[in-house]
2 protein chains.
Amino acid sequence: MAATIHDVARKAGVGIGTVSSVLNNSRPVNEKTRQKVLTAVAELDFVPNPSGRRLSLGKTHTIGVVIPYFTIASQIERLRGVMSVIAGSDYDINLFTVETIPQRNKILQTVPRRGRIDGLLIFSLNPTEADLRRIHRHNIPTVLVEASHPDLPHLFLDDVAAAQTAVEHLIQLGHRKIGYISDYLDDPFGSFFSRNRYQGYCQALKAADLPIQPEYHRQGCFGREDGREKTFELLNLPNPPTAIFTYSDDIALAVLEVARDLNLNVPGDLSVVGYDDIELANFAQLTTVRQYLFESGIQGVELLLDTIEHPDAPPSHHQLPTELIVRRTTASPSQSNDAVSLKNRD
Amino acid sequence: MAATIHDVARKAGVGIGTVSSVLNNSRPVNEKTRQKVLTAVAELDFVPNPSGRRLSLGKTHTIGVVIPYFTIASQIERLRGVMSVIAGSDYDINLFTVETIPQRNKILQTVPRRGRIDGLLIFSLNPTEADLRRIHRHNIPTVLVEASHPDLPHLFLDDVAAAQTAVEHLIQLGHRKIGYISDYLDDPFGSFFSRNRYQGYCQALKAADLPIQPEYHRQGCFGREDGREKTFELLNLPNPPTAIFTYSDDIALAVLEVARDLNLNVPGDLSVVGYDDIELANFAQLTTVRQYLFESGIQGVELLLDTIEHPDAPPSHHQLPTELIVRRTTASPSQSNDAVSLKNRD
DNA sequence: GCAACACACGGAAACGTTTCCGACACGTAG
DNA sequence: CTACGTGTCGGAAACGTTTCCGTGTGTTGC
């Protein structure tokens, strides 16, 4: 159907090697011959078949990107960063989203293989030791973003410190009853950020001599709906928290939704702090921990492209900055007791 | 480095054809031989090289997805629908995001080629006639979503009717001065939805004997920031509209942002209607036109997979439903004049 | 005991590239 | 006239699969 390099060679009256040379500038070709080849290429609308190319070169010119939590806005923002770099390169992107544990395992088992991709970018997922052995055995350049492993190049956040800063902000405002909504601490996908942020939360409380009350910590919150549920649980406690810190902006927005449904005044009755600083955090005027998401996508691919070019360089680890952005969902807790505060709006 | 089918054959003491047969179940193999092959495969951790496979089969098992407006939440939602189907198939996804016109052209020129992908899914982009010729010449199964062309299978919306319904809702509430913020009507990417929605807007006005005032129509609005700007322009008119309809929820959220910044009461001073019903529309209590985004992604790939299997079936065209979701950003215009309404909140 | 047949399997050919060895033509120096 | 370099190019080999033709072995029926 489609023209092959042999068709071009025949039409131009040259050998296939010459056609290849012209197309790849891989060796000098007489100007006249070059023109003959180029017109033949144009007439046949010839484009080299990538499968043949890949087989011959042993390179796929494709990068795999593995993304869990694809519902979450922060991941999209990272992906956008990745795409912005890829657009200017000659690499293709293979997208793998992971929604379930079996899927996670299947992807990590089948994707990192020579001949499938040239490099792998993994977001927010810590590979197991078995995964790692496979990655090394197949010798696939791999970069982690928002995750870490000593043997792999990665970009990581200081989640502990960032969470601690966020909770300290609440404590400084006068909050003593602070809830935290997290993902499962033993994240089934093998992410640690939720656990780290929990640790930062605990450290802040400890440093202020506040007790760590287990009922103020809700874990296992995945989507928006879970977020609403956990918020209800927290606010229905006999002695509910006056502030809630969440492990993502998406969840924080769910908290705000519930607060509105309950006619709770934010920040008067309830302060809320998120994490990520997605675009909508600004819309909702959410106080949150900013991480530079788009930028992290860019740095992630660039690190990967580097690793592909220099596979033997020692794995480099870069810390991504974070910053507490104070907007309008945090304030000092009102003096009124909780029963009243449930009614004092509208 | 990695094991090939020859290594497996040698180790198992069989021929390569037998190994291939075992792996693909392509012909009966004696049980004993089969076991020998399988253990050799396991010991060598052999996985067939996709490039070799593709070259031999003439299939890539890859689907290209072309997505413009990747910032917009609705596109992500569609992509999620696509991924949910792909996860259960043995296809890979090649992602192409388009941000600029040259990029759009480059992608549409280089992506639809045999040997690169088996099928192409295009979101919200109308191919030019030249694009179409190329697609047909290379004989690449292609499906459009939120776009249309008689020669290609596609999923389309009745944007005209949906927009008309939205504007009629505003008229019924008593609005007479209704603004519309759209993308460029001559969309540089070749999308028609913006133009169609404008037409629906005009039809609704006409049907109610309302004048179509050019200054109420702002076009060329791409991102959130543009949205804010266009909103300012509309609200700063000597005789500003009392309601604003936008071509996407993302822009509608920008309108809400501006309204809040100006201390305008929504919906008291200003009604707002969006389009898409992204997840955050519910959070913002935005009245909007719902399209079933996730579902449209699912249907899009399924149609494509169908087309790949039956390339000679006539292109089928499916209409996607829409629905007006009335929430809390629309109400009857207040009686007070505009100067007052700018102050009557808080 | 032999023809016919089923079953099982080996390996050459083909897919479309790139690479690289070798060859040819021409000019130049000795 | 010869030897050698230079510029140019052709096409076999290799990349790792799948397919399919052909062959060998054992079984069945007469």
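Residue numbers begin at 1 in each chain, while the letters A, B, ... track the order of the sequences.
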Using five pairs at each end of the helix from C:dG1-D:dC30 to C:dG30-D:dC1 to define an axis, what is the angle between those two axes, to 10°?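 Overall, the helix from C:dG1-D:dC30 to C:dG30-D:dC1 bends by 60° from one end axis to the other.
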
C:dG10 base / B:Arg27 side chain donor-acceptor hit below 3.5 Å: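 A donor-acceptor contact between them is present.
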
Please state whether the phosphate of [N], meaning OP1 or OP2, lies under 4.0 angstrom from any side-chain nitrogen or oxygen of [X].
X: A:Thr18; N: D:dG10; answer: yes
X: B:Arg53; N: D:dT18; answer: yes
X: B:Asn30; N: C:dC7; answer: no

Looking across every strand, which nucleic acid part, if any, lies under 4.0 Å from [X] by heavy atom: base, sugar-phosphate, or nothing?
X: A:Gly52; value: base
X: B:Gly17; value: base
X: B:Ser20; value: base
X: B:Leu55; value: base
X: A:Arg54; value: nothing
X: A:Ile16; value: base

Please check if any side-chain donor atom of B:His138 sits under 3.5 Å from a side-chain acceptor atom of B:Arg113, or the reverse.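 Judged by distance alone, the side chains do pair up.
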
Does a side-chain N-to-carboxylate-O contact under 4.0 Å join B:Arg133 and A:Asp45?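 Looking at A:Asp45 together with B:Arg133, the answer is no, because their closest N to O distance does not fall below 4.0 Å.
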
Let me know which of A:Glu295, A:Gln299, A:Gln291 forms a side chain to side chain donor-acceptor pair (under 3.5 Å) with A:Arg78.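 Of all the options given, the one that passes is A:Gln291.
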
Nearest to the side chain of A:Val14, which nucleotide is it out of D:dG10, C:dA14, C:dT19?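 Nucleotide nearest to A:Val14's side chain: D:dG10.
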
